[in-house]
> 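Just passing along the structure, written as structure tokens.
Note that the numbering runs from 1 along the sequence shown for the chain. In listed order, ligands and their atoms are each counted from 1. Atoms considered below: every heavy atom in the structure, side chains included; atoms not considered: hydrogens, waters and symmetry mates.
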Amino acid sequence: MPDQTLAVSKICCIGAGYVGGPTMAMIAHKCPHIDVKVVDINADRIAQWNSDQLPVYEPGLDDIVQQCRGKNLSFTTAIDDSIRAADMVFISVNTPTKMFGVGAGRAANLEFVEKCARRIAEVSEGHKIVVEKSTLPVRTAEAVKRILANSDNAATFDVLSNPEFLAEGTAIEDLLAPDRVLIGGERAEAIEALVSVYANWVSRDRLLTTNLWSSELSKLTANAFLAQRVSSINAISALCEATEADVDEVASAIGTDSRIGPKFLKASVGFGGSCFQKDILNLVYLCEYFGLPQVAEYWEQVVKMNDYQKQRFVTRMVRTMFNTVSDKKIGIWGFAFKKDTNDTRESAAIYVCRDLLLEKARLCIYDPQVSREHILRDLRSIFTEGDGVISDAKQKLIDEHVSFASSCEEASADAHAIAVLTEWDEFADADFDAIFDSMKKPAFVFDGRNKLKAMDLQGKGFEYHGIGF
Ligand SMILES: NC(=O)c1ccc[n+]([C@@H]2O[C@H](COP(=O)([O-])OP(=O)(O)OC[C@H]3O[C@@H](n4cnc5c(N)ncnc54)[C@H](O)[C@@H]3O)[C@@H](O)[C@H]2O)c1
Ligand SMILES: O=c1ccn([C@@H]2O[C@H](COP(=O)(O)OP(=O)(O)O[C@H]3O[C@H](CO)[C@@H](O)[C@H](O)[C@H]3O)[C@@H](O)[C@H]2O)c(=O)[nH]1
């Protein structure tokens, strides 16, 4: 293994997803001296990255990609060549919850990460730094190192952990000015090589270095703490509804305590996204695996509270609407798991729509960034049985009860109720007088984000229900 400083001039990132794409675009943007190749087995996704319609909607991303693409940033399916040419290889593939076999429903599925490690071992020559960018269970680097040790070409490797903390919708600001960049590793030279990449735009005091295992575990822990705050305030929102307290007032009152802080205290219909639930379940699995059932149970409650919050929202809708929503049109405002993203993974909207469909409501869905095909795919998949097949009855339910609109006004026309499920800013600019006129009366609004709370909808004639008041 070389002792001299490891210079990085060529990077390959395996996985052109919500993390690999934006993260590598930022490295290319800030490090013009580094050639960055993002590779993926999904040829359609690579084609989209090479088109004007990027697969990831993220404010500010298009500009950066356009500036760098064709210069020092490229997207390609030439995986082996790109790995071979690189000094540093990031693994940024998906690590979803495993849905089969040992640990089903909890453990992370590491199949894709392992395949990457095997590919790297097979095609590499000389020395490479392999960086875990995917979110991984603590001690995964041990397995990665063992696989790499069996390289066909006697290549040598350093393995680093560099978990990503960006949030979707603010990925570019988060990457530009991260609270910290975490790098875990064993050999100082390898750690310094990655530090020197980030040091092109991140100040050194924000570049934290730890051992491999602390770095891997910090990522799961950060997400568990963040999600715990959301579940905690959501739990309090239920108590607020029963007591005439207002959860937003409670949140700002407790948030002024500098020990608590104001962020991540927004009560909602429930957290979504590809990370929180998956990573907490992974933490729960790890705790059970290491013989810590009390710790596992403690964290699992964060997910259970989130499930309760989503169910509670639908129950409240049904009860308020005279105990039936059957054959009633409901305008669904927003389907993404949060604003400013086209991502719907684990979106609360999927579960709310499923439960409303099971109540036989007619849904008219509008989201400014999520396509109709994508929404239909999500709904089909939530109704799919274990064997991967959707029953005729469920398919009929979707076919006959789901329609789409091109604006929130259109989604609400002739509706009995509106359900706000994503906090898109444009919703606050809707023409509420026209919407009220076009709706059945009473005109119910169920605001799962408290997005319209300040709009005095009650004063305009609506019956307005938010979260936690
Ligand atoms: N989405 C986020 O905001 C976020 C933030 C921080 C960390 N993470 C973590 O980053 C990782 C990636 O997440 P994502 O949201 O970018 O996932 P994603 O599903 O959007 O992208 C993963 C990509 O990897 C590709 N891939 C899978 N196996 C491959 C292989 N063997 N060779 C080449 N390509 C392969 C897939 O085709 C896919 O395009 C996950 O571990 C996730 O937990 C995600
Ligand atoms: O006060 C809050 C904050 C968030 N949410 C919801 O929580 C979910 C997650 O939001 P957010 O954390 O902003 O987005 P993600 O893109 O899922 O980012 C999280 O997950 C990523 C993947 O691991 C991490 O990198 C980020 O640091 C972490 O914030 C969304 O449904 C939000 O609507 C609330 O309901 N209330």
Side-chain angles (χ1 to χ4, degrees), residues 12-24 38-46 48-49 55-56 58 75-77 79-80 82-83 90-97 108-120 132-137 140 162-171 174-175 178-179 219-220 222-227 229-234 237 247-248 251 255 262-280 282 306 309-310 334 336-341 343-349 421-423 448-451 467:
C12 167
C13 173
I14 311 179
Y18 281 85
V19 168
T23 312
M24 292 303 127
V38 190
V39 301
D40 206 294
I41 39 174
N42 183 336
D44 290 342
R45 211 162 201 189
I46 290 296
Q48 281 178 292
W49 279 110
V56 170
E58 197 59 69
F75 298 90
T76 168
T77 51
I79 298 178
D80 292 358
S82 305
I83 294 173
F90 285 78
I91 300 178
S92 186
V93 297
N94 37 328
T95 49
T97 303
N109 182 350
L110 298 179
E111 176 188 344
F112 310 112
V113 171
E114 179 167 342
K115 282 187 175 139
C116 290
R118 289 186 186 278
R119 204 77 226 122
I120 296 168
E132 296 175 342
K133 179 55 94 179
S134 295
T135 301
L136 297 169
T140 304
N162 172 220
E164 183 50 58
F165 293 97
L166 69 79
E168 290 180 27
T170 53
D174 295 345
L175 288 166
D179 285 349
K219 175 64 197 177
L220 293 185
N223 275 355
F225 271 60
L226 289 169
R229 281 176 73 95
V230 179
S231 274
S232 297
I233 200 69
N234 281 344
S237 77
V247 76
D248 293 320
K263 294 183 181 167
F264 260 73
L265 286 180
K266 188 79 198 143
S268 68
V269 58
F271 64 72
S274 61
C275 295
F276 280 178
Q277 175 170 302
K278 155 182 92 79
D279 292 348
I280 293 171
N282 187 356
N306 196 47
Q309 188 73 353
K310 291 180 276 188
F337 80 97
K338 63 186 283 197
K339 73 172 181 178
D340 291 338
T341 178
D343 197 348
T344 64
R345 288 177 288 181
E346 286 302 326
S347 179
L421 302 182
T422 311
E423 71 281 22
R449 302 289 182 167
N450 292 351
K451 181 72 184 171
I467 300 280

> So that I can tick it off, tell me whether Glu132 and Lys219 are bridged by a salt bridge, with the cut-off set at under 4.0 angstrom between side-chain N and carboxylate O.
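No, no charged N to carboxylate O under 4.0 Å.
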> Tabulating one pair per line, provide the atom names and distances (0.1 Å) for every N/O atom of ligand 2 that is less than 3.5 Å from a protein N/O atom.
| unit_1 | atom_1 | unit_2 | atom_2 | d |
| --- | --- | --- | --- | --- |
| ligand 2 | 1 (O) | Leu265 | N | 3.3 |
| ligand 2 | 1 (O) | Lys266 | N | 2.9 |
| ligand 2 | 13 (O) | Lys338 | NZ | 2.7 |
| ligand 2 | 14 (O) | Lys338 | NZ | 3.3 |
| ligand 2 | 16 (O) | Glu168 | N | 2.8 |
| ligand 2 | 23 (O) | Lys219 | NZ | 2.8 |
| ligand 2 | 23 (O) | Asn223 | ND2 | 2.7 |
| ligand 2 | 25 (O) | Glu164 | O | 3.3 |
| ligand 2 | 25 (O) | Phe165 | O | 3.3 |
| ligand 2 | 25 (O) | Leu166 | O | 2.7 |
| ligand 2 | 25 (O) | Lys219 | NZ | 2.8 |
| ligand 2 | 27 (O) | Phe165 | O | 2.7 |
| ligand 2 | 31 (O) | Gly272 | N | 2.9 |
| ligand 2 | 31 (O) | Phe337 | O | 2.8 |
| ligand 2 | 33 (O) | Arg449 | NH1 | 2.7 |
| ligand 2 | 35 (O) | Ser268 | OG | 2.6 |
| ligand 2 | 36 (N) | Lys266 | O | 2.8 |

> Can you tell me how far the CG atom of Asp343 sits from the OH atom of Tyr18, to the nearest 0.5 Å?
4.0 Å
> Kindly print each ligand 1 N/O atom paired with any protein N/O atom under 3.5 angstrom away, one pair per line, or none if nothing qualifies.
| unit_1 | atom_1 | unit_2 | atom_2 | d |
| --- | --- | --- | --- | --- |
| ligand 1 | 1 (N) | Glu168 | OE2 | 2.8 |
| ligand 1 | 3 (O) | Glu168 | OE2 | 3.1 |
| ligand 1 | 15 (O) | Arg345 | NH1 | 3.4 |
| ligand 1 | 15 (O) | Arg345 | NH2 | 2.9 |
| ligand 1 | 16 (O) | Tyr18 | N | 3.0 |
| ligand 1 | 16 (O) | Val19 | N | 2.9 |
| ligand 1 | 20 (O) | Tyr18 | N | 3.2 |
| ligand 1 | 20 (O) | Arg45 | NH1 | 3.3 |
| ligand 1 | 20 (O) | Arg45 | NH2 | 3.3 |
| ligand 1 | 21 (O) | Arg45 | NH1 | 3.3 |
| ligand 1 | 34 (N) | Ile41 | N | 3.4 |
| ligand 1 | 37 (O) | Asp40 | OD1 | 2.6 |
| ligand 1 | 39 (O) | Asp40 | OD1 | 3.4 |
| ligand 1 | 39 (O) | Asp40 | OD2 | 2.6 |
| ligand 1 | 39 (O) | Arg45 | NH1 | 2.8 |
| ligand 1 | 41 (O) | Thr95 | OG1 | 2.6 |
| ligand 1 | 41 (O) | Thr135 | N | 2.9 |
| ligand 1 | 43 (O) | Thr135 | OG1 | 3.4 |
| ligand 1 | 43 (O) | Lys278 | NZ | 2.6 |

> Of Val38, Asn162, Leu166, which is the lone residue that meets side chain to side chain contact (heavy atoms under 4.5 Å, CB included) with Thr23?
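Passing option: Leu166.
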> Check this for me, if you would: do Lys339 and Glu423 make a salt bridge, where the nitrogen-to-carboxylate-oxygen distance has to be below 4.0 angstrom?
no
> Could you check Gln309 against Ile467 for side chain to side chain contact (heavy atoms under 4.5 Å, CB included), going step by step and ending with a plain yes or no?
CA-CA 10 Å; Gln309 188 73 353; Ile467 300 280; 3.7 Å; yes
> Table please: side-chain donor-acceptor pairs of residues 108-118 below 3.5 Å, with sequence neighbours left out.
| unit_1 | atom_1 | unit_2 | atom_2 | d |
| --- | --- | --- | --- | --- |
| Asn109 | OD1 | Glu111 | N | 3.0 |
| Glu111 | OE2 | Lys115 | NZ | 2.9 |
| Glu114 | OE2 | Arg118 | NE | 2.9 |
| Glu114 | OE2 | Arg118 | NH2 | 2.7 |

> What is the ring orientation for Phe75 with Trp49, classed by angle as parallel under 30°, tilted 30 to 60°, or perpendicular over 60°?
parallel
> So, using ring-ring contact (aromatic ring centres under 6.0 Å, His included) as the criterion, who are the partners of Phe225 when residues are at least two apart?
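Phe225 satisfies ring-ring contact (aromatic ring centres under 6.0 Å, His included) with Trp299 once adjacent residues are dropped.
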> Run Thr135 and Cys275 through side chain to side chain contact (heavy atoms under 4.5 Å, CB included) and show every step you take.
CA-CA 9 Å; Thr135 301; Cys275 295; 5.6 Å; no
